> 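For reference, the structure I am asking about is given below.
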Amino acid sequence: ILTIIFFFTVFLCFFNAGPASGRTKAADSEKNAPVHVVSDRMTATKKSSMVEFSGNVRATRLNAVINADSLKIFFAEKSDKKNKHPDNNIKKIIAQGHVIYTEGKKKAFADKAVYTLADEILVLTRKSARLTTGPSFVTGKKITLYNKQDKVVVQSDGKTRVEALFNPEDKAFENQQ
């Protein structure tokens with residue numbers, strides 16, 4: 001479970017989403033790392049404060065990569081008091097269609113990934129959403145990470161059960177926690 005929580009924490013840092021308090025200088029420099037997005041098309045809508053990237057989307061930040069059919073970034077209004085990250089005006093991020101997140105041996109697969117910064121919740125959905133770290137994995141219909149509570153909930157669809165494999169060979173995170 002700690003491996004999965006660490007994995008999601010890294011995933012959330014991709015979007016500059018972690019809380020600003022208690023950061024080290026290294027974390028502050030990572031927080032300011034740019035996000036590079038490449039796609040076939042980009043549409044920006046000022047009225048809805050949203051930018052959508054579509055067609056073969058590839059977003060990279062440091063050594064993390066997200067591939068998807070589309071990626072929507074919703075921005076908070078300057079007057080939005082719910083924005084708990086004043087240094088980051090991103091309100092919500094939605095990646096859809098063949099979503100694959102990769103960082104080293106860590107991977108996540110979903111049809112849709114939704115992250116909201118105000119409550120720091122990430123939801124991955126798919127017929128069988130999957131998280132892998134080396135040989136270890138967890139799958140379910142819906143995987144929800146509650147970042148503030150360091151809690152992960154994996155749900156089934158009632159037909160297919162949640163499945164997890166924790167391989168003792170997977171020691172990739174022991175030194176990083």
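Owing to the predicted nature of the structure, the values given are computational and were not obtained by experimental measurement. Hydrogens, waters and symmetry mates play no part in the numbers below; they use all other heavy atoms, side chains included. For this chain, numbers begin at 1 and follow the sequence in order.
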> Go through the steps to decide whether Val138 and Thr132 satisfy the test side chain to side chain contact (heavy atoms under 4.5 Å, CB included), and finish with yes or no.
CA-CA 7 Å; Val138 63; Thr132 65; over 6 Å; no

> Does anything in residues 42-51 form a side-chain hydrogen bond (donor to acceptor under 3.5 Å, both in side chains)? List the pairs, not counting sequence neighbours.
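Listed by first then second residue: Ser49-Glu77.
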
> Ser136 and Asn167: which non-hydrogen atoms are nearest, and at how many Å?
OG-N, 2.9 Å

> Can you see which heavy atom on Lys91 is nearest to which on Ala76, and at what distance?
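Looking at all heavy atoms of both residues, the shortest contact is CB-N, 3.8 Å.
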
> Who passes side chain to side chain contact (heavy atoms under 4.5 Å, CB included) against Asn56, sequence neighbours left out?
Asp40

> Under 4.5 Å side-chain heavy-atom separation, chaining through any Ile, Leu, Val, Met, Phe, Trp or Tyr, what else clusters with Ile100? Say none if it is isolated.
Phe109

> To the nearest 0.5 Å, how far apart are CZ in Arg161 and CD in Gln155?
15.0 Å

> Could you give the distance from NZ (Lys127) to OG1 (Thr160), rounded to the nearest 0.5 Å?
7.0 Å

> Of all heavy-atom pairs between Glu52 and Ser70, which one has the smallest distance, and what is that distance?
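Answer, listing the atom of Glu52 first, then Ser70: OE2-CB, 4.0 Å.
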
> Which atoms form the tightest heavy-atom contact between Val51 and Met42, and what is the distance?
CG1-CG, 3.7 Å

> Rounded to the nearest 0.5 Å, what separates atom OG1 in Thr133 from atom NZ in Lys105?
10.0 Å

> Looking only at heavy atoms, what is the nearest atom pair of Gln96 and Ala68, with distance?
O-CB, 3.7 Å

> Begin from the C-alpha positions of Val123 and Lys142 and carry the test side chain to side chain contact (heavy atoms under 4.5 Å, CB included) through to its verdict.
CA-CA 7 Å; Val123 179; Lys142 181 178 178 182; 3.7 Å; yes

> Report whether Ile90 and Met50 are members of the same hydrophobic cluster (ILVMFWY, side-chain heavy atoms less than 4.5 Å apart, transitive linking).
no

> Rounded to the nearest 0.5 Å, what's the gap from CG on Asp111 to CG on Asp69? Could you check?
9.5 Å

> Holding to side chain to side chain contact (heavy atoms under 4.5 Å, CB included), I want the full list of residues that pass it with Lys92, two or more places apart in sequence or in another chain.
Phe74, Ile94, Val114, Thr116

> If we only count heavy atoms from C-beta on, is the Tyr146 to Asp119 side-chain gap below 4.5 Å?
no

> Please identify each residue that fulfils side chain to side chain contact (heavy atoms under 4.5 Å, CB included) with Val38, with sequence neighbours left out.
His36

> Tell me the closest heavy-atom pair linking Ala129 and Lys141, and the distance in Å.
CB-O, 4.3 Å

> Evaluate the side-chain proximity of Val65 to Glu103: yes if any heavy-atom separation is below 4.5 Å, no if none is.
no

> Kindly compute the distance separating CD (Glu120) from OH (Tyr115), expressed to the nearest 0.5 Å.
4.5 Å

> For Leu145 and Ile121, run side chain to side chain contact (heavy atoms under 4.5 Å, CB included): C-alpha distance rounded to whole Å, both residues' side-chain angles, the deciding distance at 0.1 Å, then the answer.
CA-CA 6 Å; Leu145 170 75; Ile121 295 175; over 6 Å; no

> With sequence neighbours left out, what residues match Thr139 under side chain to side chain contact (heavy atoms under 4.5 Å, CB included)?
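Residues passing side chain to side chain contact (heavy atoms under 4.5 Å, CB included) with Thr139: Ser128, Arg130, Phe137, Glu163.
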
> Could you tell me whether a side-chain N or O of Ser39 sits under 3.5 Å from a main-chain N or O of Arg41, the two making a donor and an acceptor?
yes

> Measure the CG-OG1 distance between Asp157 and Thr125 for me, rounded to the nearest 0.5 Å.
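Going from the CG atom of Asp157 to the OG1 atom of Thr125 covers 12.0 Å.
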
